[in-house]
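Here the structure is laid out as structure tokens; the discussion comes afterwards.
A, B, ... follow the sequence lines: proteins, then strands. Residue 1 opens every chain.
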Number of protein chains: 2
Amino acid sequence: MKKILIIEDQATMRRNLALMLQMEGFDTATAENGRAGIEKAREQQPDLVLCDVMMPELDGYAVLRALREDEAFANTPFIFLTARTDRTDVRTGMNFGADDYLAKPVVRDDLLAAVHARLARAEMLQQRFAESSGFNPDFSRPDLLQHAHGLTPRESEVLVWVAQGKSNADVAAILGMSDKTVKHHLGVCFQKMGVESRNAASLVALETLSGHRRL
Amino acid sequence: MKKILIIEDQATMRRNLALMLQMEGFDTATAENGRAGIEKAREQQPDLVLCDVMMPELDGYAVLRALREDEAFANTPFIFLTARTDRTDVRTGMNFGADDYLAKPVVRDDLLAAVHARLARAEMLQQRFAESSGFNPDFSRPDLLQHAHGLTPRESEVLVWVAQGKSNADVAAILGMSDKTVKHHLGVCFQKMGVESRNAASLVALETLSGHRRL
DNA sequence: GACATCATCGGTCGAAGGTCGTATGCACGG
DNA sequence: CCGTGCATACGACCTTCGACCGATGATGTC
């Protein structure tokens, strides 16, 4: 279940927002000013933040800036709420780095649609991040090893298979060469890469093969 | 230099936008309708897209949906441009997953501020992504191996060191045990993990130790 | 043609890795 | 009290690895 943090100084407004979100199946947390909001965010790790602009203690802009400086909230959607709805006000909020801007009084459908849209967007990024963040070396690019460590094409081919846990005999069979040749190539690899074991070489190779992903 | 794609059917508007952005030091590409815009996006790989809503061929919503379905543009900021600036129109655009919404006629300062804000936000995410995307297994978490492969605590400790390229003798010294014991634990690890070489086990272990990063 | 580089193949030898069986001490639960 | 699981340890045996020695041929380049 997604958790939403509501930072809003008016008690009735806070309750209404929380209620609307809870009826939609969201988990909610609330804070009545900026300072409390930042604390609540840190302890509750919400998936989305709804924040009023004008508040005592710390205003919405300050809250946004504080959260964006925190690694943990870099990807957390942040939606401003405010009664002031003139163009310059909206622009100020968005230019601060907010993800959306809702005008009070908040219409139920607008709120839910905005929340869902922002959560969907964040989730999409999160998913792509998870896919690429783990362990996925590109074993189809021996050329990466070649350029990274000054290996010859054949040497790097041998190495990509070794990095996949193959034995010398396996590699020999796969590449259609003698195991002696595999040994020779590997020996050269060790020298060029400055390592002394097949395991260390494997580790370095995996690191090289993993370092080239794009968002 | 950041590249910005402008999708807008009115020629003068298109020129004005491009000029404003070029004066600010941006690289620009333009397209006069949705279909052409999607093509241009794919070939130019812009860092941000400015897109009119009402266009012949394919409207802005369709362009946004098409780009969001493409892996390459998951993180690319998308800003709608439109003359229709009533509340429901803005909400529709944002709920489609746009990152911002500018009303025509576009004020220079608004445009540049919005572009900079969105680029900064995207860059922040990109940076965090790059940091975590490479090769960085967490060697301080033997418990991950334990639960993932049904290993005992001691076995997983041995394995994390093996995964770091240590020899049996090294591991024995590090963990204060006999090399015979290391061999025994490793043998059990191989069985439980369904591999037959220290190298393959290392590979599986690295995969397990790399899979738990958060955005 | 001389020379360098790359890829291929061969041998020997010692060190490291891996499998087998066996055994002890310890802790936990029935 | 006894069985089970865990960690520890030893010895014997075989396989694999990696280093050091060598050699051939196919490329290019100057």
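Val106(B) and Met20(B) make their closest contact through O-CE, 4.4 Å (heavy atoms, listed as atom of the first residue, atom of the second, distance).
Side-chain proximity of Phe190(A) to dA19(D), dA7(D), dA7(C): nearest is dA19(D).
A distance of 7.0 Å separates CG in Asp110(A) from CG in Asn95(B), rounded to the nearest 0.5 Å.
Note on Asp99(B) versus Arg121(A): salt bridge recorded, some NZ/NE/NH1/NH2 to OD/OE distance being below 4.0 Å. In this structure, Lys166(A) does not pair ionically with Asp179(A), as no charged nitrogen and carboxylate oxygen lie closer than 4.0 Å. A salt bridge links Arg91(B) with Asp100(A); the closest basic N to acidic carboxylate O contact falls under 4.0 Å. Salt bridge Glu157(A)/Arg154(A): present, at least one basic N to carboxylate O contact under 4.0 Å.
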- Task: Sugar-phosphate atoms are those with a prime plus P, OP1 and OP2; base atoms are the rest. Using that split, label each nucleotide of nucleotides 8-16 of chain C B, S or - for protein heavy atoms under 4.0 Å, 5' to 3'.
- Result: BBSS-----
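Atom-to-atom, CD of Gln191(B) to C1' of dC20(C) comes out at 12 Å; the value is rounded to the nearest Å. Distance CD (Glu196(A)) to C1' (dC17(D)): 14 Å, rounded to an integer number of Å. If you take CG of Leu186(B) and C1' of dC20(C), they are 16 Å apart, rounded to a whole angstrom. Remark: P of dT16(D) and CG of Asn199(A) are 17 Å apart, rounded to the nearest angstrom.
Taking the C1' atoms of five terminal pairs at each end of the helix from dG1(C)-dC30(D) to dC28(C)-dG3(D), the two resulting helix axes are inclined by 40°, rounded to 10°.
Looking only at distances, no side-chain donor or acceptor of Asp143(B) sits under 3.5 Å from a matching main-chain atom of Gln146(B).
Between Phe26(A) and His116(A), the angle of the ring planes lies from 30° to 60°, which puts this pair in the tilted group.
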